[in-house]
Asks: 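This structure is in structure tokens; I'll ask about it shortly.
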2 protein chains.
Amino acid sequence: MAPKNLKAEAVSKVCCGKARDIPLSERDADELAAVFTALSDPVRLRLLSIISSASEGEVCACDLVAPIGKSQPTVSHHLKILFEAGLVDREKRGVWVWYWAVPERIKAVASRLR
Amino acid sequence: MAPKNLKAEAVSKVCCGKARDIPLSERDADELAAVFTALSDPVRLRLLSIISSASEGEVCACDLVAPIGKSQPTVSHHLKILFEAGLVDREKRGVWVWYWAVPERIKAVASRLR
DNA sequence: TTAAGATATCGATAGTTGTCAATATCCACA
DNA sequence: TGTGGATATTGACAACTATCGATATCTTAA
């Protein structure tokens, strides 16, 4: 709150006008908020950063526990949230589960922020 | 989890390797997560959409309560969170407070998602 | 079939968050 | 100076979330 151009400018604008339509619908807002919720945790952001930058394009879940420094159930929980948000995909191969990023989804979210 | 290319492919990759560095630092992850937390609520996303699309570039807080359909304290609370996240700026003029978006900040966040 | 290991789920708990009524603060105007 | 109105803050409460230990599920190998 910097300058103090008071009454003159304040009154120069019509204030408290009629309620316009909100650009973002309630449904869209709910969906977008759900994705941002998935992105709102530092552990998940770090998991996503590891998965996205994997040199082979994918990462074994077994390689995600140690670097994160949380328990295995906690990491599994966060991976599930990323998966359900559509930010990563996964596939079970034998005993292991491999995760990879979904760039289209990530870009789609980013484009909503412009 | 679709195909079943079991042992062969599963073993073809070295799994459970050594912990690499995480691309996203803990500090950066915390900061990014804080912004995404601000974006993780549908009411705040709708507020931001109204503010961002304001024809005059800014909106009076008094015009934000009715369309959102929440109480005045609730809207004030959400506006504060958007402000503290750097997503909007504001200025008090007389009795009213005007809000406008901070596109550079919004773009900066979007670019982190690419 | 059994054993061992990787991952997911469950149950519990502490901490966080969205919401509103009540109240405080701030400002213009009479 | 005091009154009315716009916005912010406070206090309280219900709902949600991150975390972990314990356990279940699934898969390979013996």
Asks: Look at all strands and tell whether A:Tyr99 reaches a base, only sugar-phosphate, or nothing, counting heavy atoms closer than 4.0 Å.
Replies: sugar-phosphate
Asks: May I ask you to verify whether the side chain of A:Gln72 and the base of C:dA8 hold a donor-acceptor pair under 3.5 Å?
Replies: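 Yes, the side chain and the base share a sub-3.5 Å donor-acceptor pair.
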Asks: D:dC16 P sits how many Å from A:Ile81 CD1, rounded?
Replies: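 Computing the A:Ile81:CD1 to D:dC16:P distance gives 14 Å.
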Asks: Using side-chain heavy atoms (C-beta onward) and a distance below 4.5 Å, is B:Leu113 in contact with B:Phe36?
Replies: yes
Asks: 5'-most contact on DNA chain D: B:Cys62 or A:Asp41, nearest heavy atom basis?
Replies: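 Its nearest nucleotide lies further toward 5', so the answer is B:Cys62.
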Asks: Can you check the A:Trp98 CH2 to D:dT27 C1' distance for me, whole Å?
Replies: 16 Å
Asks: How many whole angstroms separate atom CG of A:Leu79 from atom P of C:dT9?
Replies: 11 Å
Asks: Is the phosphate of C:dT17 approached by B:His78 (side-chain N or O, under 4.0 Å from OP1 or OP2)?
Replies: no
Asks: Verify the contact: side-chain N or O of B:His77 to OP1 or OP2 of C:dG18, cut-off strictly under 4.0 Å; return yes or no.
Replies: yes
Asks: In whole angstrom, give the distance that lies between atom NZ of A:Lys80 and atom C1' of C:dC10.
Replies: 11 Å
Asks: Measure the shortest side-chain to side-chain distance between A:Arg93 and A:Glu58 over non-hydrogen atoms and say whether it is less than 4.5 angstrom.
Replies: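 A:Arg93 vs A:Glu58: side chains touch.
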Asks: Roughly how many Å is it from CZ in B:Arg90 to P in D:dA6, rounded to a whole number?
Replies: 18 Å
Asks: Are A:Asp63 and A:Ile50 packed together at the side-chain level, in the sense that at least one heavy-atom pair is separated by less than 4.5 angstrom?
Replies: no
Asks: Looking at C:dT17, I'd like to know if its phosphate oxygens (OP1 or OP2) sit under 4.0 Å from a side-chain N or O belonging to B:Arg44.
Replies: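 False: B:Arg44 side-chain N/O out of range (4.0 Å or more) of C:dT17 OP1/OP2.
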Asks: Using the side-chain heavy atoms of A:Val97, tell me which of these nucleotides is nearest: C:dT7, C:dC20, D:dC20.
Replies: C:dT7
Asks: Look at the side chain of A:Ser76 and decide which nucleotide, out of D:dA8, D:dC26, C:dT9, has an atom nearest to it.
Replies: C:dT9
Asks: Kindly indicate whether the side chain of A:Leu79, heavy atoms from C-beta on, has any atom under 4.5 Å from the side chain of A:Val88.
Replies: no
Asks: Looking at side-chain heavy atoms only, is the closest gap between B:Arg112 and B:Asp28 below 4.5 Å?
Replies: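 Side-chain contact under 4.5 Å: yes.
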Asks: Does OP1 or OP2 of C:dT19 have a side-chain N or O of B:Thr74 closer than 4.0 Å?
Replies: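 For C:dT19, neither OP1 nor OP2 has a side-chain N or O of B:Thr74 closer than 4.0 Å.
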Asks: Quick one: B:Phe36 CZ to C:dT17 P, roughly how many Å, whole number?
Replies: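 Whole-Å distance recorded here is 16 Å.
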Asks: If you find the nucleotide of DNA chain D closest to A:Ser40 and the one closest to A:Pro73, which residue's nucleotide is nearer the 5' end?
Replies: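 Residue closer to the 5' terminus by nearest nucleotide: A:Ser40.
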Asks: Please report, rounded to the nearest Å, how far the P atom of C:dG18 is from the NZ atom of B:Lys70.
Replies: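 Taking NZ of B:Lys70 and P of C:dG18, I get 11 Å after rounding.
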Asks: Between A:Trp96 (CH2) and C:dA4 (C1'), how many Å, whole number?
Replies: 13 Å
